[in-house]
A.B. asks: 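Below you will find the structure I want to go over with you.
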Amino acid sequence: MATTTIRKAVITHLATSPTDVSNITLTSASLAAPGRKQVQVRVLYSGFCGADVNMAHGAYPLQRRTPLTPGYALVGTVVGLGPGTSARFAPGDTVAAVTVYGAEAERANVAEHLLVRVPAEVAARDDLLQQVTALALDWNTAYGMVQGAGGRGLVGVRSADVQPGQAVFVHGLSGAVGQGLTALCLLRGAVVYGTASKRNHAALREAGVRDVFEYTNKDWIAAMKAVGGVDAVFDPLGFESWDESFSILKDKGLLLGYGGNQVSLSGSEEEMARSLWPYMGKLVVRGMLPFAGKRTGFYYIKPGTADCQDGLAALIELLREGKIKVPIKAVWDLTAEGLKEAHQSWGKMAGMGSYLIRVGAERA
Ligand SMILES: NC(=O)c1ccc[n+]([C@@H]2O[C@H](COP(=O)([O-])OP(=O)(O)OC[C@H]3O[C@@H](n4cnc5c(N)ncnc54)[C@H](OP(=O)(O)O)[C@@H]3O)[C@@H](O)[C@H]2O)c1
């Protein structure tokens, strides 16, 4: 394959304030032929998520230096195979992958082991392709925490292995990951509680959530203690929120943190400068104390592992079978304006579900 010219998003430097989007740009660049064990993918959709926003502010843990191209997950069409690739994929196949970087680009060279096949009947429908893009990161993160293979990682327990009849509490039921957590816990027969903006309460109760609370007050703490506590809490807020979440656990209950969203959602420069690391240490140590009687962990998706690849394949199958429906909150085009708007809108929009960037419509 020859080198091609592509358009891609570039975060040129770290934002200078919570509202600064001058660092979000669209650029033309050369893309080399796929390297060893890489597959070149023409991107149809990229996911858009909190990590993209945090990377623009230098708040994503251990992130690459700028300039960088964000885009944590993609769906696209195989257009070329690098040396050393297997016969698993051929040009024209539709694939999905969690890439962490680089999906907000017209083409990307992706390590073959990160790719998951999208069946032709799913690939034929644009609405399903959008949903697969959201499955790749947002719902796959939820899947790992709800029913992933689990075990213990460096930062504690990885999966709640939610069982029928258990009570769970989901912070941000209406969010991209929150919607995945809600649907998968309900599918497993759990009793689901959580928080969301008032405007989303009716729809969440309609979907089967037992009780929804506003995050602007702490009424949920007393309410969850009054029902005897919960078996698992899924908390993307971090910081002081992990203390509050820990307090509503039943004996042997599990607190799974999976983000430090509290400071990004605050929109305050001072808040965004706070480090999550001390709180992460406290979270993990708490779960190790034998007398605490409760478990803790910080879940992070690990692209390329069996947990991530099998989780995504299982979710695509659930979608193909019509057992899940993934709400899409917003889709922006891969234009400079679209990208800036996505960064400005994150966390502030009405509605529920995942955000996407539409990169291209050309399949072959
Ligand atoms: N560890 C991992 O592997 C992994 C993977 C993916 C994502 N993440 C992390 O997960 C977090 C959530 O990502 P997402 O894409 O699901 O976000 P999202 O779709 O933007 O959802 C944000 C949620 O937060 C709620 N919210 C808004 N303001 C709030 C506030 N002040 N206090 C509490 N909740 C508030 C929103 O509720 P309303 O809309 O109802 O207002 C919404 O439910 C991010 O920190 C992201 O980095 C981690």
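Keep in mind that this is a model prediction, so the values were computed, not measured. Note that the numbering runs from 1 along the sequence shown for the chain. Remember, it's 1-based here, ligands and their atoms both numbered in the order they're listed.
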A.B. asks: Please state which protein non-hydrogen atom is closest to atom 47 (O) of ligand 1 and give its distance, to 0.1 Å?
C.D. replies: Ala51 N, 4.0 Å

A.B. asks: Could you find the nearest protein heavy atom to atom 6 (C) of ligand 1 and give me its residue, atom name and distance?
C.D. replies: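 For atom 6 (C) of ligand 1, the nearest protein heavy atom is Thr141 OG1, 3.6 Å.
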
A.B. asks: Can you name the atoms of ligand 1, numbered from 1 with element, that are less than 4.0 Å from a heavy atom of Gly172?
C.D. replies: 43 (O)

A.B. asks: Looking at atom 46 (C) of ligand 1, what's its closest protein heavy atom, distance included?
C.D. replies: Gly50 CA, 4.5 Å

A.B. asks: Examine Ala176 against ligand 1 and note whether any of their N/O atoms are separated by less than 3.5 Å.
C.D. replies: yes

A.B. asks: Show the numbers, then the answer: is there a salt bridge (Lys or Arg N to Asp or Glu O under 4.0 Å) between Glu106 and Arg7?
C.D. replies: CA-CA 6 Å; Glu106 286 176 326; Arg7 289 179 317 140; 2.9 Å; yes

A.B. asks: Quick one: which ligand 1 atoms are inside 4.0 Å of a heavy atom on Tyr355?
C.D. replies: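 Contacts of ligand 1 toward Tyr355, numbered from 1: 19 (O), 20 (O).
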
A.B. asks: Where does Ile301 meet ligand 1, judged by heavy-atom distances below 4.0 Å: at the side chain, the backbone, both, or neither?
C.D. replies: both

A.B. asks: Find all atoms of ligand 1 within a distance of less than 4.0 Å from any non-hydrogen atom belonging to Ala196, and give their numbers and elements.
C.D. replies: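 Ligand 1 atoms under the 4.0 Å threshold to Ala196: 40 (O).
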
A.B. asks: Is there a donor-acceptor contact under 3.5 Å from the side chain of Lys340 to the main chain of Ile24?
C.D. replies: yes

A.B. asks: Tell me the protein heavy atom at minimum distance from atom 9 (C) of ligand 1, and give that distance in Å.
C.D. replies: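 Its nearest protein heavy-atom neighbour is Tyr258 O, 3.6 Å.
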
A.B. asks: Determine, for Tyr300 and Arg158, whether the Lys NZ or Arg CZ falls below 6.0 Å from the six-membered ring centre while staying within 45 degrees of the axis.
C.D. replies: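 Pair Arg158/Tyr300 counts as cation-pi.
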
A.B. asks: Would you say the side-chain atoms of Asp138 pair up with the backbone N or O of Leu135, donor to acceptor, closer than 3.5 Å?
C.D. replies: no

A.B. asks: Looking only at atom types and distance, does a side-chain atom of Asn200 sit under 3.5 Å from a main-chain N or O of Ala196, one as donor and one as acceptor?
C.D. replies: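 Between the backbone of Ala196 and the side chain of Asn200 there is no qualifying donor-acceptor contact (under 3.5 Å).
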
A.B. asks: Has the side chain of Asn109 got a donor or acceptor atom that lies under 3.5 Å from a matching backbone atom of Gln38?
C.D. replies: no

A.B. asks: Is the closest heavy-atom distance from Arg199 to ligand 1 below 4.0 Å?
C.D. replies: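 Judged by the 4.0 Å heavy-atom criterion, Arg199 does count as contacting ligand 1.
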
A.B. asks: Could you tell me, atom by atom, which parts of ligand 1 come under 4.0 Å of a heavy atom of Asn200?
C.D. replies: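 That gives atoms 38 (P), 39 (O), 40 (O) of ligand 1.
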
A.B. asks: Evaluate the salt bridge (Lys or Arg N to Asp or Glu O under 4.0 Å) criterion for residues Asp243 and Lys282: first the C-alpha distance (whole Å), next the side-chain angles of each, then the deciding distance (0.1 Å), finally the verdict.
C.D. replies: CA-CA 9 Å; Asp243 293 332; Lys282 184 177 175 188; 3.0 Å; yes

A.B. asks: Closest by any non-hydrogen atom to atom 28 (N) of ligand 1: pick that one out of Phe48, Tyr60, Trp346, Tyr215.
C.D. replies: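 Closest candidate by heavy-atom distance is Tyr215.
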
A.B. asks: Heavy-atom contacts with Leu237 under 4.0 Å: which atoms of ligand 1 show up? List them by number with element.
C.D. replies: 33 (C)

A.B. asks: Run His171 and Trp220 through ring-ring contact (aromatic ring centres under 6.0 Å, His included) and show every step you take.
C.D. replies: CA-CA 10 Å; His171 285 278; Trp220 56 273; 5.0 Å; yes

A.B. asks: Looking at Ser174, which atoms of ligand 1 are within less than 4.0 Å of one of its heavy atoms?
C.D. replies: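 Those atoms are 36 (C), 37 (O), 38 (P), 39 (O), 40 (O), 42 (C), 43 (O).
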
A.B. asks: Go through ligand 1 atom by atom and flag the ones less than 4.0 Å from a non-hydrogen atom of Tyr299.
C.D. replies: 1 (N), 2 (C)

A.B. asks: What's the shortest distance from atom 24 (O) of ligand 1 to any protein heavy atom, and which residue and atom give it?
C.D. replies: Leu265 CD1, 4.0 Å

A.B. asks: Check whether the ring centres of Phe48 and His343 lie less than 6.0 Å apart, and answer yes or no.
C.D. replies: yes

A.B. asks: Are Tyr279 and Phe239, when compared by the centres of their aromatic rings, separated by less than 6.0 Å?
C.D. replies: yes

A.B. asks: Name the closest protein heavy atom to atom 21 (O) of ligand 1, giving the residue it belongs to and the distance to 0.1 Å.
C.D. replies: Gly175 CA, 3.3 Å

A.B. asks: Would you tell me whether Ser245 and Asp235 have side-chain atoms, one donor and one acceptor, within less than 3.5 Å of each other?
C.D. replies: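 There is such a pair between these side chains.
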
A.B. asks: Do you reckon Ile6 sits in the same ILVMFWY cluster as Leu68, going by side-chain contacts under 4.5 Å, direct or chained?
C.D. replies: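 Ile6 does not cluster with Leu68.
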
A.B. asks: Taking only heavy atoms of Val177 into account, list the atoms of ligand 1 that are under 4.0 Å away from them.
C.D. replies: 6 (C), 7 (C), 16 (O)

A.B. asks: What do you reckon, does Asn54 have a nitrogen or oxygen under 3.5 Å from a nitrogen or oxygen of ligand 1?
C.D. replies: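 It does not: no N or O of Asn54 is found under 3.5 Å from an N or O of ligand 1.
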
A.B. asks: Look at atom 12 (C) of ligand 1 and say which protein heavy atom is nearest, naming residue and atom and giving the distance to 0.1 Å.
C.D. replies: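 Minimum-distance protein heavy atom for atom 12 (C) of ligand 1 reads Asn261 ND2, 3.4 Å.
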
